[in-house]
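Beneath this line is the structure, given in structure tokens, with notes to follow.
All chains are named by letter (A, B, ...) in the order of the sequence lines, taking the proteins before the strands, and each is independently numbered beginning at 1.
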Number of protein chains: 2
Amino acid sequence: MPRAGLSTQAVVQAAVEVIDEHGADALTLAAVASRCGVAAPSLYKHVGSLAELKIQVGVRVLHELADRFAAAAMGRSGQDAITALMHAYRAYVAAHPARYAVMPVDPLHHPALAAAGIRQLEVIQAALRPWQLDAAAQVHTIRRLRVIAHGFASLESAGGFGLPDDLDETYQQLIDTFFDSLPTHS
Amino acid sequence: MPRAGLSTQAVVQAAVEVIDEHGADALTLAAVASRCGVAAPSLYKHVGSLAELKIQVGVRVLHELADRFAAAAMGRSGQDAITALMHAYRAYVAAHPARYAVMPVDPLHHPALAAAGIRQLEVIQAALRPWQLDAAAQVHTIRRLRVIAHGFASLESAGGFGLPDDLDETYQQLIDTFFDSLPTHS
DNA sequence: GCCGAAAAGCTACTGCCATTAGCCATCGCC
DNA sequence: GGCGATGGCTAATGGCAGTAGCTTTTCGGC
């Protein structure tokens, strides 16, 4: 009886692969166990429950997106940086549509997810710095960005747009009107 | 053994009530059967499967929202009509957050859902008529509206906004910037 | 190198769920 | 009043999450 040498992170990785290959609904302990070459109850040595595994997957996905954000913003500023963030968001969701379905939309309400959520927020706040918005305006501005990015990405990844034509153009229009809503910056 | 007198629509109604009371994840045939005062297998006389029931619930919810749309647009035109539609959308989702989680985002891709989806679309097209957009511009404009409404509503209903303050203001800003993106109409 | 404890597997089991099969009571119509 | 269609039932299957308790491996301390 050789040991499989699992770890919590290995189980999370297998879970992400299951999601990528068979969709978010196919994330079951049985499927993850099978992919790990292990019996289902053995997974409980590494994760507390299916619900906890889903949270861990959420953490992983949030961090991946935060990484893309950080990479996209690096070396850019102002309008250029925001545009890069928006495209990074859409590109991540397009590359991993099933992962987006398990990305929690309210990370700040869960302690295990908050850190990953805050990482994303900080990158956006930094990119908005040139506009010198006051606190209230900054809240509304980040919300508007989020609505646009999440709204578009969730519809696109779920096949919500009837025709797939010219989606780049639609997204660009949304980004353009977002900039129109901002005061001109220094 | 008196008869319960069920029907497909009664089962769908019970399913909606289960969703309203216990969330979208609690929609199970066992729960619906219990609410109908019937054993679970009896439901199969009225619905083909749980998956089919979910689609029927989707149809019901799409039609409810289309009704709200039609009511909101009635007697209004132009900017006034669009504003009313956007508020109707948000109000419906706020009143029935759990139903929104089961509302299909790609109704046009499923024959049973398409009719309900098209009803919504037609109301929006009518409201946009004063701007006399050409076909391509109309597609992008409706997509932008949908992104804003769905993005905001899905985040709000899922508790995605960290602080609940001033959400009216954020939504109004989104609507305002949408109008800024339109040409001035007759 | 050895030993003991912790860690990582396993099988067996429970309970919930969807779904199927097949039985029986009820209803509506003639 | 009888008969077929309809709507309900119980029993059973198979998949799933999760628990209990056992066995084997691993590894640090000696």
Side-chain angles (χ1 to χ4, degrees), chain A residues 1-61 98-99 101-104 110 112-113, chain B residues 1-61 98-99 101-104 110 112-113:
Chain A
M1 189 201 301
R3 215 167 260 210
L6 284 185
S7 66
T8 299
Q9 282 313 303
V11 173
V12 172
Q13 175 62 32
V16 170
E17 289 167 12
V18 168
I19 288 170
D20 282 346
E21 288 175 23
H22 303 103
D25 291 340
L27 177 54
T28 137
L29 286 181
V32 173
S34 153
R35 169 169 282 269
C36 292
V38 123
S42 305
L43 295 178
Y44 286 88
K45 299 289 171 162
H46 304 286
V47 293
S49 66
L50 177 60
E52 192 196 284
L53 175 58
K54 284 177 178 173
I55 290 172
Q56 303 265 39
V57 170
V59 171
R60 162 88 59 117
V61 170
R99 290 185 206 179
V102 300
M103 192 171 104
H110 196 293
L113 301 165
Chain B
M1 189 199 300
R3 221 169 253 210
L6 283 184
S7 67
T8 301
Q9 283 312 305
V11 173
V12 172
Q13 176 62 32
V16 170
E17 289 167 12
V18 168
I19 289 170
D20 282 345
E21 288 175 24
H22 303 104
D25 291 341
L27 177 54
T28 139
L29 286 183
V32 173
S34 153
R35 169 168 282 268
C36 292
V38 125
S42 304
L43 295 179
Y44 286 87
K45 299 287 167 145
H46 305 285
V47 294
S49 66
L50 177 61
E52 193 196 282
L53 176 58
K54 285 178 178 172
I55 288 171
Q56 303 265 41
V57 170
V59 171
R60 162 88 60 118
V61 170
R99 291 185 205 178
V102 300
M103 191 172 105
H110 195 292
L113 302 166

Do the non-hydrogen side-chain atoms of A/Glu21 and A/Arg35 ever get within less than 4.5 Å of each other? yes
Any side-chain donor paired with an acceptor under 3.5 Å for A/Glu17 and A/Gln13? yes
Interatomic distance, B/Lys54 NZ vs C/dA18 C1' [rounded to whole Å]: 11 Å
Set of residues satisfying side chain to side chain contact (heavy atoms under 4.5 Å, CB included) with respect to A/Ala40, sequence neighbours excluded: A/Ala33
Considering all heavy atoms of both residues, which atom of A/Leu113 and which atom of A/Gly58 are nearest to each other, and what is their separation? CD2-C, 4.0 Å
Among residues at least two apart in sequence or on other chains, which ones pass salt bridge (charged side-chain N to carboxylate O under 4.0 Å, His left out) with B/Glu52? none
Does the protein touch nucleotides 11-17 of chain C at the base, only the backbone, or not at all? Give it as B, S and - per nucleotide, heavy atoms under 4.0 Å. BB----S
For B/Leu6 and C/dT26, what is the distance between atoms CG and C1' respectively, to the nearest whole Å? 14 Å
Going by side chain to side chain contact (heavy atoms under 4.5 Å, CB included), name the residues that satisfy it together with A/Ala101, two or more places apart in sequence or in a different chain. A/Ala24
What's the CG-P distance between A/Leu43 and D/dA17, to the nearest Å? 9 Å
Would A/Cys36 and A/Val32 count as a side chain to side chain contact (heavy atoms under 4.5 Å, CB included) here? Give the steps. CA-CA 6 Å; A/Cys36 292; A/Val32 173; 4.2 Å; yes
Nearest heavy-atom pair of A/Ala15 and A/Val57: which atoms, and what distance? CB-CG2, 3.7 Å
I'd like to check the salt bridge (charged side-chain N to carboxylate O under 4.0 Å, His left out) partners of B/Arg99; sequence neighbours left out, ordered by chain and number. B/Asp20, B/Glu64
Rounding to a whole Å, what distance do you find between A/Glu52:CD and D/dA17:P? 15 Å
How many whole angstroms separate atom NZ of B/Lys45 from atom P of C/dA25? 14 Å
To the nearest angstrom, the OH-P distance between B/Tyr44 and C/dT19 comes to 3 Å
Give the nucleotide from the list D/dG7, C/dC10, D/dA17 with an atom nearest to the side chain of A/Val38. C/dC10
The correct set of residues in residues 10-25 of chain B placing a heavy atom under 4.0 Å from DNA chain C is none
Looking at B/His46, does any N or O in its side chain come under 4.0 Å of the phosphate oxygens OP1/OP2 on D/dT6? no
Which of C/dT19, D/dT24, C/dC10 is nearest the side chain of A/Arg3? It is D/dT24
